[in-house]
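Here the structure is laid out as structure tokens; the discussion comes afterwards.
Owing to the predicted nature of the structure, the values given are computational and were not obtained by experimental measurement. To find a chain, count down the sequence lines: A is the first, B the second, and so on, and within it residues start at 1. Reckoned from all heavy atoms, side chains included, excluding hydrogens, waters and symmetry mates.
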Protein chains: 4
Amino acid sequence: MEDPDPDGISDRDRALFEAGIKLGALYHQFTGTPVSTETASKLEAAMEKSISLQPWVNLVRVRIDREKLRINENQFRYCELSGEMLDVELVVTYENVEVHARIRYDEEMKYPLMRIEKVSTI
Amino acid sequence: MEDPDPDGISDRDRALFEAGIKLGALYHQFTGTPVSTETASKLEAAMEKSISLQPWVNLVRVRIDREKLRINENQFRYCELSGEMLDVELVVTYENVEVHARIRYDEEMKYPLMRIEKVSTI
Amino acid sequence: MEDPDPDGISDRDRALFEAGIKLGALYHQFTGTPVSTETASKLEAAMEKSISLQPWVNLVRVRIDREKLRINENQFRYCELSGEMLDVELVVTYENVEVHARIRYDEEMKYPLMRIEKVSTI
Amino acid sequence: MEDPDPDGISDRDRALFEAGIKLGALYHQFTGTPVSTETASKLEAAMEKSISLQPWVNLVRVRIDREKLRINENQFRYCELSGEMLDVELVVTYENVEVHARIRYDEEMKYPLMRIEKVSTI
């Protein structure tokens, strides 16, 4: 297999690296935030706006699982945002490479899996 | 000076303790968040909603200094939320005690000072 | 009941407010940190050192529950620091008032309860 | 230019994505932490241990700039960890691909630049 850019780093490499940065940042900035079924949509909007500011972000869509919020709500009727509640779709565009990536909780692994969904040249 | 409640902790004590908790939480949860003049109002709303969920919070008002945002914006036209940009007013009501507290940057001290503004019995 | 300081804020008030700030800060700064039974002691030390820097902190002792770490470890053998694993003792001294406060998970409430344990004049 | 893996995602892609995740996570988990010249080494150690737990991390080296700590210390002799103080080297190994990545503050850009330093097949 030939390396498409033997002497260095390709646009594809950078696009993937940038997509990873954004998901790691979003996750560790916002988990722990107090949230409830009533405030979830405002928090989703703020998370999307915030990560959209970072370079090469084309789209961020955050969904917080309302059912999991309900299950986790304490006696004060809120809980902390955690990985198991998060579904995040991200599109990063670096030069002509577009990366679709996602955070989604894997119930079997007990892990908020971050994965690459698609890489394409535009 | 006589202690009003020599054997224990008064409602006033608890109200002040709770006010401190909320300001410390807000500060360390949200500083570092990417923000710009265009997204500041969404972030303010999300911060207010989030901290309002915590027990005994009566009111939270968050203002992010737009001028400081402009000064700190990097070449990608955003910056990270930091203490020098924050003005937060908080009212905690515990039983019949109301505490007004605030975060405001002290330019001389170079410090995001958290202080008690007023304690009253309602 | 007479207010011990009708015109303002007492040292006791400030000591309690400061104790709250520290616990809120510690909690929201460090929850979410990747941790395992092997790294827990290093994280405890860093948390203690960090919060000890803040004004009027006399002592911080952080214990992360090793049994809960084991239960929560994912297939990569680590988990995220969360409120249910934390036991934090804090002593704040403001002027001649000493406040002992604590974070400890309340299993029944499903809540990382922050409470005042003792207030004394020294 | 031929895509080395037209139907999917290569190990190189995944290694770069994972490297990005780790840097984004480290940055947003730990910035904001109270730190001083006296506690910096303990914090560096805790950050390294913590990120080393995440999958495919081979090495993390964190250096906090002591000179910048001194400049930023407030009257209580500490400051908050920020991007301009950080130098982080990371090696991620995914299958037979090794990625060297770094966080380093770019003084001209006023930006904590995260970049890929080297990608190699081992």
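- Atom CZ of Phe30(B) and atom CZ of Phe30(A) lie 7.5 Å apart (nearest 0.5 Å).
- Distance check, rounded to the nearest 0.5 Å: CD of Gln29(B) to CD of Glu80(A) gives 8.0 Å.
- For the atom pair NZ (Lys42(B)) and CD (Glu48(A)), the distance works out to 10.0 Å, reported to the nearest 0.5 Å.
- For chain A, the nearby part of Thr31(B) is the backbone; its heavy atoms alone come within less than 4.5 Å.
- Counted within 6.0 Å of CD on Glu117(A), heavy atoms from surrounding residues, nucleotides or ligands total more than 12; the atom is thus considered enclosed.
- Other residues, nucleotides and ligands contribute only 12 or fewer heavy atoms inside 6.0 Å of the CD atom of Glu38(A).
- Put simply, the side chain of Ser50(A) gets close to the backbone of Pro34(B): a donor and an acceptor are under 3.5 Å apart.
- Rounding to the nearest 0.5 Å gives a distance of 15.5 Å between NZ of Lys49(B) and OG1 of Thr33(A).
- A 6.0 Å sphere centred on CZ of Arg77(A) holds no more than 12 heavy atoms belonging to other residues, nucleotides or ligands.
- Between the CD atom of Gln54(B) and the OH atom of Tyr78(A) there is a distance of 4.5 Å, given to the nearest 0.5 Å.
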